[in-house]
Amino acid sequence: KISMPLDPQGHYQGLGLILAPDGTIYASQQTIISKSTDGGQTWEHLKRDPAAFGFNGWLLQVSQEGQLVNVNQDGEEGPVTVWVSSDEGGKWEQICQIDVTPFQKTVVGNSLTRLSDGTLVLPIKRRDQPFYEGTNPTYTFRSSDGGHTFPQRSFLSDYGNEVNITELCPERLLAVIRYQPGPTDQPQTNKTVFLADSVDSGLTWENLRQLTSVHGQCHGAAIGLSGNRIVVAYDHRYPRELGTGRAMISYDNGKSWQDEVYYLCHGDVAGFPRHITLDGREILTFIGS
């Protein structure tokens, strides 16, 4: 374990971890973007306050050209905009406002995924109805031009929250979904982790299924490894004083999952996990506790 600097304005649910095409790793908090060029062994910490650019946080990715890409939304009724930086977040330029018509209210998801061919995939939740009165359908929006346009959208699932999407191999994606229907006053009784597959780079989604069976296990993120292995780490949130970060493993590309559960961290809260792999064998996980 490597302890990262504590961001005084950060939050354990607001972490990001992305891998650039040249192998550079960026780990983001609220006002610190940490950079590693040696596989995560050592880090350089860049002070980058999103508020200085009018952003409410970081939803980062690195384009095929090596530019940082950030997606920003100011409130549920605000526009979803895309920005790029050529100097690691020092300056930003807006390149897109995503067309979400006919949606009236939207919430941007928790991941911006760059596929091996450079395509960007962004989950966006439609919230035209109040949270507990509608099905909260989530869609994925795709860009094939580096974030300048997102013309393709696909339905992912109902009751989809805090979606993270991982490319397991070319064209094959795995979505990890906080699935939350149910009563308004008992969130600990209706949150679980669901999975969904895409075999066409996010154009369509299928095989929506439940992964965790204990209510209150919710936000998760996946990583694909060699040998048909997949690891999903997730937040076991309730009761708060027993909060943990946990992980499950599949050895058959997500068709079945081992009974053993691994513990990553303990604490009053467990942060949202993020993963990358450099070689298909080792995982680098960024998690708050």
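The first residue of the sequence shown is numbered 1, and numbering continues consecutively from there. These figures come from a predicted structure and were not determined experimentally. Just so you know, these numbers use all the heavy atoms, side chains as well, and skip hydrogens, waters and symmetry mates.
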I'd like to check [X] versus [Y] (side-chain heavy atoms, cut-off strictly below 4.5 Å). Are they in contact?
| X | Y | value |
| --- | --- | --- |
| L284 | L278 | no |
| D197 | L174 | yes |
| I32 | K47 | yes |
| T204 | S154 | no |
| R178 | V193 | no |
| N228 | D252 | no |
| Y234 | V261 | yes |
| R127 | N136 | yes |

**Message:** Check whether S198 reaches the backbone of L173 with its side chain - one donor and one acceptor, N or O, closer than 3.5 Å.
**Reply:** no
**Prompt:** So, S157 side chain and T138 main chain: donor-acceptor pair closer than 3.5 Å or not?
**Reply:** no
**Request:** Return the set of residues passing salt bridge (charged side-chain N to carboxylate O under 4.0 Å, His left out) with E167 (not counting sequence neighbours), or none when no residue passes.
**Result:**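 For E167 there are no salt bridge (charged side-chain N to carboxylate O under 4.0 Å, His left out) partners, ignoring immediate neighbours.
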**Message:** Once salt bridge (charged side-chain N to carboxylate O under 4.0 Å, His left out) is applied, do any residues pair with R274, and if so which ones, sequence neighbours excluded?
**Reply:** none
**Prompt:** Between S36 and D38, does a side-chain hydrogen bond (donor to acceptor under 3.5 Å, both in side chains) hold up when you go through it step by step?
**Reply:** CA-CA 6 Å; S36 176; D38 58 6; 2.9 Å; yes
**Message:** Does the plane of the ring in Y263 sit parallel, tilted or perpendicular to the ring in H266? Use 30° and 60° as the thresholds.
**Reply:**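 Because their plane-to-plane angle is under 30°, the rings of Y263 and H266 count as parallel.
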**Request:** Measure the acute angle between the ring planes of H219 and F272, then classify it against the limits of 30° and 60° as parallel, tilted or perpendicular.
**Result:**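 Because their plane-to-plane angle is under 30°, the rings of H219 and F272 count as parallel.
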**Prompt:** Which distance, rounded to the nearest 0.5 Å, do you find between the CG of D259 and the CD1 of I249?
**Reply:**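 Taking CG in D259 and CD1 in I249, the distance rounds to 12.0 Å.
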**Message:** Using the ring centroid of each side chain, check whether W83 and F53 are separated by less than 6.0 Å.
**Reply:** no
**Request:** Take Q97 and T81 through the test side-chain hydrogen bond (donor to acceptor under 3.5 Å, both in side chains) and record every step on the way to the result.
**Result:** CA-CA 4 Å; Q97 178 174 315; T81 54; over 6 Å; no
**Request:** Say whether I230 and L211 are linked into one hydrophobic cluster, either directly or through other cluster members, by side-chain heavy-atom distances under 4.5 angstrom.
**Result:** yes
**Request:** Give a yes or no on whether D74 atom CG has more than 12 heavy-atom contacts from other residues, nucleotides or ligands under 6.0 Å away.
**Result:**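 No - once you tally the heavy atoms of other residues, nucleotides and ligands closer than 6.0 Å, there are 12 at most.
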**Message:** Can you tell me if E282 has over 12 outside heavy atoms packed within less than 6.0 Å of its CD?
**Reply:** no
**Prompt:** To which residues is V84 joined in a hydrophobic cluster, defined by side-chain heavy-atom contacts under 4.5 Å among Ile, Leu, Val, Met, Phe, Trp and Tyr, whether direct or through other members?
**Reply:**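 L59, V69, V71, V80, V82, I95, I98, V100, F103, V108, L112, L120, L122, I124, Y139, F141, F150, F155, listed by chain and number.
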**Message:** I need the minimum non-hydrogen distance between A175 and W205, along with the two atoms involved.
**Reply:**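 The pair with the smallest heavy-atom distance is CB-CZ3, 3.7 Å.
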